[in-house]
Every structure is written in C-alpha cells, then in structure tokens.
There are 2 protein chains.
Amino acid sequence: MGPTPPGQTKERVFRFVQQRIVAGMPPTVREVQRAMGFSAVQTAMQHLETLVAEGRLVKTSGKARGYSLPGVGPTVLVPLLGRVQAGDFTTAIQQHEGTLPIQVRSEDREYFALRVQGESMEGVGIMPGDIVVVQRQATANSGDIVVALVDDEATIKRLRLRHGRVELHPENQQFAILRPDPQSVTILGKVIEVRRFLDATPPWLADLSAD
Amino acid sequence: MGPTPPGQTKERVFRFVQQRIVAGMPPTVREVQRAMGFSAVQTAMQHLETLVAEGRLVKTSGKARGYSLPGVGPTVLVPLLGRVQAGDFTTAIQQHEGTLPIQVRSEDREYFALRVQGESMEGVGIMPGDIVVVQRQATANSGDIVVALVDDEATIKRLRLRHGRVELHPENQQFAILRPDPQSVTILGKVIEVRRFLDATPPWLADLSAD
DNA sequence: AAGCGTACCAGACAAATGTCTGTCACGTCA
DNA sequence: TGACGTGACAGACATTTGTCTGGTACGCTT
C-alpha cells in the first residue's frame with residue numbers, strides 16, 4: 001500500500017470527478033473513495049481538497065455532492081419551437097416541439113431554438129434541417145445573423161442596418177434582400193449557435209415537458 | 001394554506017427538478033421543499049414520488065440527489081484535437097486543445113472532435129471553423145461523412161465504397177475526389193454532429209484537463 | 001353525508017454524507 | 001540523518017439527506 005508517484009492519483013481523481021460532474025451527477029466523497037479503491041474516505045477528501053486549492057474544482061461546503069467545475073457555464077433546456085407567428089411568441093414557447101440542452105454563459109438570458117427551413121442562408125453553411133440556437137433580444141448589431149418576424153413569418157437572415165432601417169440579407173444569391181416596413185419587422189433574437197445532427201436526431205429533442 | 005388546483009404544483013416541481021438536473025446538480029428533497037415554499041419535506045417527497053410513478057423522473061433510492069431524467073443520454077467530455085497524424089492518434093487525444101460537452105447515446109463509444117480547416121465540404125454546409133463531433137469507428141457506410149487519415153493527414157470527406165475500395169468525395173466542385181491506396185488510408189470515425197459558434201467560443205472549449 | 005384523490009403540514013428516525021484528528025510510508029533534498 | 005511533501009490508512013463525530021407515520025383541508029362524485 002505504498003503511495004503512487006506524486007500527482008498520478010490526483011489526476012485520476014480529477015478525471016473521475018470531472019466525468020461525473022459533466023455527466024450530471026457529481027460524486028460523493030465516498031463514491032470517489034470507492035472508485036479509486038482507497039480504504040479511507042480521508043484519502044479521497046485530501047485529493048479533492050488539493051484540487052480545490054489548485055482552482056480546478058469548486059466546492060460547496062457541507063452539501064452532498066458539492067463539487068463542481070469552475071468556468072463551465074450552466075446547461076439549460078432550450079425550447080425548439082415550431083411555427084412562430086406575430087404576437088404569438090409566448091404560445092410558441094409553450095407549444096415547443098422539443099428541447100435542446102445547451103451550455104450557456106448566463107442563465108439570466110432567454111434562449112430558443114428553431115429548425116432551419118429554407119435555403120436562404122446556405123452561403124454561410126446554414127442548411128435546411130439545421131437547428132439554430134437563438135439568444136432572445138430585440139436588437140442586434142449590423143452583421144449579426146438574427147431571427148426576425150416579418151409580417152407574419154419568422155425568418156433567419158443577416159441583419160444590416162442602413163440609416164437606422166432594418167435590412168435582412170440572405171446568404172444565397174437566389175434570394176432577395178428584404179427591406180421590410182419598420183412596423184412589420186420585429187427582431188426576436190440573435191443566432192449564437194448552429195447544430196446539425198448527422199446521425200439520427202437525439203431522443204432528447206423529443207418533448208420532455210408535460211403537455 | 002389551501003391546496004392549489006390538482007396538477008399545478010406537480011408541474012412546478014417537475015420544471016424545477018428538470019432544470020436542476022439539466023444544469024448538472026440534481027436537488028435534494030429539502031431543496032425542492034424550499035424552492036416550492038413547502039413547510040414539510042413530505043410534500044416535496046410526495047410530488048416527486050408521483051412524478052416517478054408517472055415515469056417522468058427516475059430515482060436512485062437512498063442516495064443523495066438521486067433523481068434523474070429518463071431517456072436523456074449521458075454527457076461526456078469530447079476532446080477537441082489539434083493535429084492528427086498517422087500512428088499518433090493516442091497522443092492527439094492526450095494533447096487535445098480543448099473539450100466539448102456532448103450528449104451522447106452511449107458511454108460505451110469513443111468520441112473526438114475536430115475543427116474544420118478546409119473548404120472541401122462547403123457544399124453540405126461544413127464550413128472552415130466548424131467543429132465536427134466524430135464517433136470513433138474503423139469502418140463506415142458508403143455515403144457517411146467520415147474523418148479519414150490519408151497518408152499523414154486527417155481529412156473530412158464523404159465516404160464512397162467502390163468495389164470495396166475507399167473513395168473520399170469532397171462536397172465542393174473545386175476539390176478532387178481522393179482515391180487513396182488502401183494501405184495509406186485509415187478511417188478514424190464517422191461525423192455525427194456539426195457545431196458552429198457564432199458568438200464567442202465558449203470558455204469550456206479551453207482545456208479543462210491537466211497539462 | 002361519505003368516500004376518494006390531490007394538495008398540504010408536523011415530527012421522528014435511519015442512513016448517507018461531509019468533515020475532522022491522528023497516524024504510517026516513501027522519496028527527495030539539504 | 002532529519003525535514004518536508006505527497007500519498008495513503010483508521011476511526012469517529014456532526015450534519016445533511018432520504019424516508020416514514022400520522023394528520024388536516026378542499027373539491028368532486030356518488
């Protein structure tokens with residue numbers, strides 16, 4: 001029962017704890033003990049304390065399974081919306097057709113996801129069937145790719161602001177630039193991520209909420 | 001302290017627990033109690049039991065924070081590899097330049113991620129800078145998009161099998177079909193997901209492991 | 001009115017879990 | 001050789017956490 005070389009056990013502990021945290025169920029100290037084959041709880045405790053002192057783990061004292069990884073943003077369930085129509089955004093959220101776990105920077109913001117249906121953004125690799133993750137905001141910068149409501153339909157385009165007027169540019173020459181009347185355009189949010197599943201669609205995109 | 005209408009509190013409990021589970025730290029029963037404003041632990045317990053009976057939560061009895069969501073695959077940390085060269089795959093795994101939390105179907109499989117560097121797959125919306133998630137496997141079906149080692153370089157192409165011989169097709173007319181000698185081609189895996197971050201690159205793509 | 005189902009409360013107990021003190025073993029360095 | 005740092009063990013205690021029994025309140029149905 002001699003010690004292993006310095007640093008080796010600590011790394012094994014870190015990898016085990018990290019994987020468990022990422023998998024969604026941080027381990028108890030005794031689970032670390034058992035997984036590492038230690039005889040004493042204190043051995044696991046000690047390595048965990050070292051990792052905390054090094055800043056590689058964060059601990060909530062006195063709480064079961066209280067270790068977490070620093071700098072990893074929270075995961076939230078983002079609703080995948082079906083149809084989005086004018087004045088009906090809240091209903092679209094409630095009637096989402098699935099959910100997408102997304103690591104975000106801030107839980108203070110609202111997000112939603114849409115499935116891309118047209119070919120107007122293919123020039124930048126946003127293809128039909130892709131899923132765009134959208135941060136909810138009513139304004140955006142010129143050049144951002146946004147989801148906007150025009151008349152009665154949601155559309156994904158690149159925003160251009162010309163003298164304060166909204167232009168919605170496609171990224172495909174076969175589509176025209178939209179210059180909607182200001183009264184008939186609403187920006188719903190900014191596209192922050194694009195995802196494409198080449199294997200089968202994951203099961204968690206099915207609705208996990210009560211209907 | 002009259003009861004709320006049937007079903008309302010249960011839904012609030014489910015949403016709270018679901019969000020906490022997705023965020024990576026399932027709640028204790030007393031945390032549910034406090035979050036809902038109940039005076040008694042047993043109230044929280046009862047709603048949780050009902051949700052378990054309905055199959056919407058799964059419980060590990062006797063363990064702290066033992067509730068989980070059914071049908072949600074595990075999350076694993078997928079290494080984002082830099083250079084991949086022949087005969088050096090294990091080293092590339094160890095020297096990954098970041099990690100990506102990915103929901104997968106099975107922890108029994110191995111995954112890695114690569115940053116796309118060429119334009120040969122732009123026809124199907126796989127753009128330079130995208131990140132592809134790859135399921136590790138040595139064979140694939142004709143038509144799959146794969147990561148293959150050719151001579152000494154990893155490349156992302158669509159696999160075509162002609163009379164048992166490997167062809168690697170680009171999805172961009174400006175690139176040529178590769179018909180490598182069988183001795184000089186190795187399939188590393190199948191691309192299962194494409195991700196693009198339009199906001200800044202998330203911090204967790206930085207290396208969380210020890211160097 | 002009685003029964004049932006759901007939403008709540010109060011209190012207590014058992015086990016899991018966090019935490020601490022004390023100790024030994026080994027390798028390295030001055 | 002002694003000191004130090006890291007890796008280990010043993011044991012005990014305090015607190016958190018899961019779980020249970022017993023009870024009330026309300027609305028609906030027969």
Side-chain angles (χ1 to χ4, degrees), chain A residues 1-18 20-21 23-70 210-211, chain B residues 1-18 20-21 23-70 210-211:
Chain A
M1 310 297 169
T4 56
Q8 277 194 21
T9 305
K10 187 178 64 174
E11 292 310 313
R12 284 176 56 224
V13 169
F14 181 72
R15 281 200 296 274
F16 172 75
V17 176
Q18 180 187 39
R20 285 290 302 272
I21 290 170
M25 183 66 78
T28 63
V29 181
R30 282 173 177 81
E31 281 170 1
V32 174
Q33 174 197 356
R34 283 194 293 276
M36 297 293 126
F38 300 144
S39 292
V41 192
Q42 157 66 11
T43 312
M45 192 86 214
Q46 187 174 301
H47 287 295
L48 292 165
E49 295 290 320
T50 302
L51 290 163
V52 169
E54 291 172 1
R56 294 166 69 192
L57 289 179
V58 172
K59 175 170 92 161
T60 308
S61 287
K63 297 290 183 184
R65 305 184 191 272
Y67 291 96
S68 56
L69 292 165
D211 276 328
Chain B
M1 313 298 167
T4 55
Q8 278 194 22
T9 305
K10 187 180 64 176
E11 293 309 314
R12 282 176 58 224
V13 169
F14 181 72
R15 283 200 294 272
F16 173 74
V17 175
Q18 181 187 41
R20 284 290 301 270
I21 290 170
M25 182 66 79
T28 64
V29 181
R30 282 173 174 81
E31 281 171 4
V32 175
Q33 172 196 355
R34 282 194 295 275
M36 297 291 125
F38 301 144
S39 293
V41 191
Q42 158 63 13
T43 312
M45 191 84 217
Q46 188 174 298
H47 287 295
L48 292 165
E49 295 290 320
T50 303
L51 289 163
V52 168
E54 291 174 2
R56 295 164 72 192
L57 289 180
V58 171
K59 175 170 87 159
T60 308
S61 287
K63 297 290 186 185
R65 307 185 188 270
Y67 291 95
S68 56
L69 293 165
D211 275 328

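Order of the sequence lines sets the chain letters (A, B, ...), proteins ahead of strands, with each chain counted from 1. Keep in mind that the numbers below use all heavy atoms, side chains included, and drop hydrogens, waters and symmetry copies.
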Please tabulate, one pair per line, each protein N/O and nucleotide N/O from nucleotides 16-20 of chain C that are separated by under 3.5 Å, including the distance.
unit_1, atom_1, unit_2, atom_2, d
C/dT17, OP1, A/R65, NH2, 3.3
C/dT17, OP1, B/A64, N, 3.1
C/dG18, OP1, A/R65, N, 2.8
C/dG18, OP2, A/V29, N, 2.7
C/dG18, O3', A/G62, N, 3.3
C/dG18, N7, A/R30, NH1, 2.7
C/dG18, O6, A/R30, NH2, 2.9
C/dT19, OP1, A/G62, N, 2.6
C/dT19, OP2, A/K59, NZ, 3.3

Residues forming a side chain to side chain donor-acceptor pair (under 3.5 Å) with B/T9, sequence neighbours excluded: B/T4
task: Can you sort out the partners of A/K10 under side chain to side chain donor-acceptor pair (under 3.5 Å), two or more places apart, ordered by chain and number?
output: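 Expected list: A/E54.
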Quick check on [N]: is either OP1 or OP2 less than 4.0 Å from any side-chain nitrogen or oxygen of [X]?
| X | N | value |
| --- | --- | --- |
| A/H47 | D/dT6 | no |
| A/T43 | D/dA8 | no |
| A/T9 | D/dT6 | no |

message: Among D/dA10, C/dA7, D/dA8, which nucleotide has an atom closest to any side-chain atom of B/Q46?
response: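 In terms of side-chain proximity for B/Q46, the closest of D/dA10, C/dA7, D/dA8 is C/dA7.
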Rounded distance in Å - [atom1] ([X]) to [atom2] ([N]):
| X | N | atom1 | atom2 | answer |
| --- | --- | --- | --- | --- |
| B/E11 | C/dT6 | CD | P | 13 Å |
| A/Q8 | D/dA8 | CD | C1' | 14 Å |
| A/L48 | D/dT6 | CG | C1' | 15 Å |
| A/K10 | D/dT6 | NZ | P | 8 Å |
| A/F38 | D/dA10 | CZ | P | 13 Å |
| A/M25 | D/dT17 | CE | P | 13 Å |
| B/M36 | C/dC9 | CE | C1' | 17 Å |

- request: State which residues pass side chain to side chain contact (heavy atoms under 4.5 Å, CB included) with A/V41; sequence neighbours excluded, sorted by chain then number.
  value: A/V29, A/R30, A/Q33
- prompt: Which residues pass the ring pair (Phe, Tyr, Trp, His ring centres under 6.0 Å) test with B/F38, sequence neighbours left out?
  reply: B/H47
- prompt: Which value, rounded to the nearest 0.5 Å, describes the distance between A/M25 atom CE and B/K63 atom NZ?
  reply: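 Between A/M25 CE and B/K63 NZ, I get 10.5 Å after rounding to 0.5 Å.
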query: Does A/R65 reach the main-chain N or O of A/P26 with its side chain, forming a donor-acceptor pair under 3.5 Å?
result: yes
message: Applying salt bridge (charged side-chain N to carboxylate O under 4.0 Å, His left out) as the test, list every pair that has at least one member in residues 36-49 of chain B; sequence neighbours left out.
response: B/E49-B/K59
